[in-house]
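Here the structure comes first, spelled out in structure tokens, and everything after it is commentary.
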2 protein chains.
Amino acid sequence: MARRKGLTIEDVARAAGVSIAAVSLALNDKGTLSQETRARVKRVAAELDYQADALARGLRRSPMGTIGLVLRPLDAIGSYTLNGVDFFSRLLAAAAVAAMDRGIGMMLVPNLLRSPVPAFAYSLDGYVVAEPEVDDPVVRRLEDRDIPYVSLGRNVARPDSPYWVSSDDEGSMAAVLDHFASAGARDIVLVGGTDSNGWNQDCEAAYRAWTAGAGLPPRVLRAAEGAGIRGGRAVAARLLRDGVPDAVLCATGRQAVGVLEELREAGVSVPGRTLLATASDSEHARTASPAISAVDMHPERLAEGAVDMLHGLIHGTPVAERVRLPTSFFVRESSSRAG
Amino acid sequence: MARRKGLTIEDVARAAGVSIAAVSLALNDKGTLSQETRARVKRVAAELDYQADALARGLRRSPMGTIGLVLRPLDAIGSYTLNGVDFFSRLLAAAAVAAMDRGIGMMLVPNLLRSPVPAFAYSLDGYVVAEPEVDDPVVRRLEDRDIPYVSLGRNVARPDSPYWVSSDDEGSMAAVLDHFASAGARDIVLVGGTDSNGWNQDCEAAYRAWTAGAGLPPRVLRAAEGAGIRGGRAVAARLLRDGVPDAVLCATGRQAVGVLEELREAGVSVPGRTLLATASDSEHARTASPAISAVDMHPERLAEGAVDMLHGLIHGTPVAERVRLPTSFFVRESSSRAG
DNA sequence: GAACGATCATAAATCGATTTATAACAGTAT
DNA sequence: ATACTGTTATAAATCGATTTATGATCGTTC
């Protein structure tokens, strides 16, 4: 690596005719310098366009002005190529933007347990951990290193921690299920994921509560997150054997697409015989034919909420706790009896 | 900030019964240590799960394993809230993922000239600069600091620099214009942006070349990128006065939506009287009614190409130069005469 | 004029690594 | 015993900042 030019504190000190200590104290408004010296140093520094080296500065444990983002579900899948998976790419972009708007940087960091970890990982000011799992080792690692973090999605790794921002999964599920019910569906299947995160847990709990309340029998099937469309097809194949339901609510858009394909190939009409929807909107869902009804969790708002909370935690200012943000349910052709 | 626990090189040295120098040399496979010592130190370090502090290390000018991303068009607009603007959020997410897949971090960095710049900005290993402008001061700043960078979109700030990755704008324009022509359009308007970047330049040049080749008169209007839908409406208002064209090709999806709205309100049928398309696909374009035909520039591929090129530049390995990547044109209702 | 307080600036230690120059040692030749 | 090689480990300088302890200067006061 070529060495960078980099103006150092020494250059400023020389130009201002003071010691490097004076420069540091002046620029950070500390110590007991005279107003005059302080002003002069600041002026000189500004003229030279001096900027303190972030690394040397961080070495003394000043905040780095940068946070990390860990996407646990993608760590689990082992692939970060997000083709057609809207939620995480929207979340990622939104988090970067939210961080930037607050004057801090944001880095996507892969599985903190895989080695080698990216060099920076443990020098960041804090983390947003998306959908941690029960006993999540990444959460443990962050706690070991005393790195502040907030969870995006309920923090099932630390049920007592109040520092999380989540979509209102109960509301989402109720919206979809009410919609199904009002179209006359009685046998409604939930297709969930297998990761032990808050989203899966809360969606299933909400589903069970709703079915119990409606006096309908719950039927839950699961497909691994990583299986994608294939997972949806496998689940649908089982449904074809066990009994075709009136409606299917899939956790992910890709599962929904798989279910759609498998059912249609077997001659089951969607939405004619079976209604279909997904709890997380995606390009897949929107461009499927028929387009699949979906819940938009508004990852942009979630990202902003999480970044705000983390920012507060890092700076020791009071923050909102256990935040649940509303979602939107978009009815599309796959669940419209009229269509 | 509470001080972090952090195992230091000293802890490892003590545990292995050697000096800190020996530890450093062993772990970096440098110097003249015996195989035995080297192995022992490595074993101890692994046992303790030691990881060298990225900052202390960077202080000595080792690569940081992190690159930056600057989105110049958004710097220009002054807002990073990317509502409905697909291209940059997809680019952002894809770049983060591409970087991560190569074991490096990626940070979104705002305008390097605005102060204060994020602390890290000048410590990063390199930059991807999206759509630099003519005489772009950010490019100059990076060069001043000897920070390697590649341009995403032709580097009009440094016409001789071969280090850029761009969409094939000539191909995109030809695809759309041929499509318009085959539907019988003769009076085809181009609506471009006002930023002086490679995309605007190349799109307009391709348009002019194509119209010249086809023996048709060029008609170019412009709307500022920041004006969004409103800018599109303003342009369309002018078209209504000056003469309604057979087809309109807008640079951005938002401009296209604005044109669509204004024309329809004036009673001009789209696609009946006037065909419409945009050179950059977006959610806006897909969900408009009628859906607007659009070019997908595949920001994911562009991001990967740029990250690869930058990675090569940083490590001094040979890289491809002046890369043009193909695009896809999706015909939708807004330009389908049959529909 | 000596002693004392205020006020202001600086020297020097420190953060945790990398890297160079040097030292310690064993083995061989003289 | 001395000198000379290699081989291997370490001491110490360095990166660019922050921060504490110290010191210098000046004006008051007795």
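Order of the sequence lines fixes the chain letters, A, B, ..., with proteins taken first and strands second; residue numbering starts at 1 for each chain. For the numbers below, each heavy atom of this structure counts, side chains included, while hydrogens, waters and symmetry mates do not. The structure displayed is predicted, hence computed values, not measured ones.
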(Q) Can you confirm whether more than 12 heavy atoms, excluding those of B/Asp135, are under 6.0 Å from its CG atom? (A)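 Not more than 12 within 6.0 Å, no.
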Specify the separation, in whole Å, of atom [atom1] of [X] and atom [atom2] of [N].
{"X": "B/Asp53", "N": "C/dT18", "atom1": "CG", "atom2": "C1'", "value": "13 Å"}
{"X": "A/Leu59", "N": "C/dG16", "atom1": "CG", "atom2": "P", "value": "7 Å"}
{"X": "B/Tyr122", "N": "D/dG16", "atom1": "OH", "atom2": "P", "value": "17 Å"}
{"X": "A/Gln51", "N": "D/dT18", "atom1": "CD", "atom2": "P", "value": "12 Å"}
{"X": "A/Arg57", "N": "D/dT19", "atom1": "CZ", "atom2": "C1'", "value": "13 Å"}
{"X": "B/Arg14", "N": "D/dT10", "atom1": "CZ", "atom2": "P", "value": "14 Å"}
{"X": "B/Glu10", "N": "C/dG16", "atom1": "CD", "atom2": "P", "value": "9 Å"}
{"X": "A/Tyr50", "N": "D/dG16", "atom1": "OH", "atom2": "C1'", "value": "7 Å"}

Not counting sequence neighbours, which residues clear ring pair (Phe, Tyr, Trp, His ring centres under 6.0 Å) with [X]? List them please.
{"X": "B/His298", "answer": "none"}
{"X": "B/Tyr149", "answer": "none"}
{"X": "B/Tyr127", "answer": "none"}

Close N or O pairs between protein and nucleotides 23-27 of chain C (under 3.5 Å):
none

Q) When you measure from every atom of DNA chain D, which of residues 33-48 of chain A have a heavy atom less than 4.0 Å away? A)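 Result for residues 33-48 of chain A: none.
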Q) With respect to B/Ile67, which candidate in B/Leu124, B/Val150, B/Val307 satisfies the side chain to side chain contact (heavy atoms under 4.5 Å, CB included) definition? A)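 Result for side chain to side chain contact (heavy atoms under 4.5 Å, CB included) with B/Ile67: B/Val307.
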Contacts of type salt bridge (Lys or Arg N to Asp or Glu O under 4.0 Å), residue [X], not counting sequence neighbours:
{"X": "B/Arg72", "result": "B/Asp75, B/Asp136"}
{"X": "B/Arg322", "result": "none"}
{"X": "A/Glu47", "result": "A/Arg43"}

Q) Ignoring hydrogens and geometry, is there a side-chain-to-backbone donor-acceptor pair from A/Arg324 to A/Ser167 under 3.5 Å? A)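 Indeed, once roles are kept as given, a pair shorter than 3.5 Å links the two residues.
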**Q.** Donor-acceptor under 3.5 Å (A/Asn200 side chain, A/Asp195 main chain)
**A.**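 Yes.
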Polar pairs (N or O, both sides) under 3.5 Å between protein and nucleotides 5-7 of chain D?
none

**Q.** Separation between OG of B/Ser196 and CD of B/Glu133, rounded to the nearest 0.5 Å
**A.**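 Those atoms lie 4.5 Å apart.
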Only distances under 3.5 Å count here; give the side-chain donor-acceptor pairs of residues 93-105 of chain A to other protein atoms, sequence neighbours excluded, each with its distance to 0.1 Å.
from, atom 1, to, atom 2, distance (Å)
A/Arg102, NE, A/Asp308, OD1, 2.5
A/Arg102, NH1, A/Ala98, O, 2.7
A/Arg102, NH2, A/Asp308, OD1, 3.0
A/Arg102, NH2, A/Asp308, OD2, 3.2

Q | Of all pairs that satisfy salt bridge (Lys or Arg N to Asp or Glu O under 4.0 Å), the ones with a partner from residues 19-31 of chain A, not counting sequence neighbours | A |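 Every salt bridge (Lys or Arg N to Asp or Glu O under 4.0 Å) pair that includes a residue of residues 19-31 of chain A, provided the two are not neighbours, is A/Asp29-A/Arg38, A/Asp29-A/Lys42.
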(Q) Quick check on D/dT18: is either OP1 or OP2 less than 4.0 Å from any side-chain nitrogen or oxygen of A/Lys30? (A)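 Indeed not, no polar side-chain atom of A/Lys30 lies that close.
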Q: Might you work through the side-chain contact (heavy atoms from CB on, under 4.5 Å) test for B/Arg158 and B/Arg140, ending with a clear yes or no?
A: CA-CA 9 Å; B/Arg158 293 289 175 273; B/Arg140 199 160 43 227; 4.2 Å; yes
Q: Mind running a 4.0 Å heavy-atom check of residues 18-29 of chain B against DNA chain C and sending the residues that fall below it, in number order?
A: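 Heavy-atom cutoff 4.0 Å gives B/Ile20, B/Ala21, B/Ser24, B/Leu25, B/Asn28.
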(Q) Quick check: on DNA chain C, is the nucleotide nearest B/Gly31 upstream (toward 5') of the one nearest B/Ala56, or the reverse? Name the residue that is more 5'. (A)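 Nearest-nucleotide comparison on DNA chain C picks B/Ala56.
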